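As the structure is a prediction and not an experimental result, all values here were calculated from the model. If you read the sequence from its start, that first residue is 1, and numbering goes on from there.
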Amino acid sequence: HVKEGYRFAPPKLETFYKDDANHDPFWSYETLIEAKLEANGLVISKEHVQEMYTLTQTIFELLERVWQTANHSLIDMKIEYGVIDENGKKTIVLGDVIDN
């Protein structure tokens, strides 16, 4: 247990696989890489996973500062990613953020 108000530095990241039938199970970093998931024709590599982790941490820290201006604390958030195809170039994009 950690005491209330504890701030993880860097923020703690947990990954869940979007799968309603299996109640969105937790996936480790290694599981996510080894699954070789495909999204919109892009096979998700270790580099893609690292890109999403880095972007997630950056987004959290940015939103945390915004919340602080309103005298509130950002405790956790949920981010979803997708892949877009622009003229044959596949890019990972932020699909959704839920911060509370």
> How is the hydrophobic cluster of Phe8 composed, in terms of its other members, when Ile, Leu, Val, Met, Phe, Trp and Tyr link through side-chain heavy atoms under 4.5 Å apart, directly or indirectly?
Replying inline: Val2, Tyr6
>> Test of understanding: with salt bridge (Lys or Arg N to Asp or Glu O under 4.0 Å), list the residues that count as partners of Lys46, not counting sequence neighbours.
In response: none
>> Suppose we screen for side chain to side chain donor-acceptor pair (under 3.5 Å). Which residues come up paired with Thr31, at least two apart in sequence or across chains?
In response: Ser28
> Tell me, do Leu32 and Leu37 make a side-chain contact under 4.5 Å, heavy atoms counted?
Replying inline: yes
> Counting N and O atoms only, with roles assigned by atom type, does the side chain of Thr54 sit under 3.5 Å from a partner on the main chain of Glu51, one being a donor and the other an acceptor?
Replying inline: no
> What ring-ring contact (aromatic ring centres under 6.0 Å, His included) pairs are there with at least one residue in residues 32-54, not counting sequence neighbours?
Replying inline: Tyr29-Tyr53
> Can you name the residues that form a side-chain contact (heavy atoms from CB on, under 4.5 Å) with Ile79, not counting sequence neighbours?
Replying inline: Thr56, Ile59, Met77, Tyr81, Leu94, Val97
>> Hydrophobic clustering (ILVMFWY, side-chain heavy atoms < 4.5 Å, transitive) - are Met52 and Phe16 grouped together?
In response: no
> Is any side-chain heavy atom of Ile44 less than 4.5 Å from a side-chain heavy atom of Lys36?
Replying inline: no
>> Show me the pairs that pass side-chain hydrogen bond (donor to acceptor under 3.5 Å, both in side chains) and involve residues 58-67, at least two apart or across chains.
In response: Arg7-Glu64, Gln57-Glu61, Trp67-Asp99
> Among Asp24, Asp20, Asp19, whose side-chain hydrogen bond (donor to acceptor under 3.5 Å, both in side chains) with Asn22 holds?
Replying inline: Asp19
> Quick one: salt bridge (Lys or Arg N to Asp or Glu O under 4.0 Å) partners of Glu80, sequence neighbours excluded?
Replying inline: Lys78
> Going by side-chain heavy atoms closer than 4.5 Å, which hydrophobic residues are tied to Leu62, directly or by a chain of links?
Replying inline: none
>> Asp96: which residues meet the salt bridge (Lys or Arg N to Asp or Glu O under 4.0 Å) condition with it, sequence neighbours left out?
In response: none
> Cluster question for you: counting only ILVMFWY and a side-chain heavy-atom cut-off of under 4.5 Å, with indirect links fine, are Leu63 and Leu55 together?
Replying inline: yes
> Which residues satisfy the side chain to side chain donor-acceptor pair (under 3.5 Å) test with Asn71, sequence neighbours excluded?
Replying inline: none
> Could you give the distance from CZ (Phe60) to CG (Asp76), rounded to the nearest 0.5 Å?
Replying inline: 7.5 Å
Side-chain donor-acceptor pairs of residues 82-89 under 3.5 Å, sequence neighbours excluded:
residue, atom, partner, partner atom, Å
Asp85, OD1, Gly88, N, 2.8
Asp85, OD2, Lys90, NZ, 2.6

> With Glu4, which residues qualify under side chain to side chain donor-acceptor pair (under 3.5 Å), at least two apart?
Replying inline: none
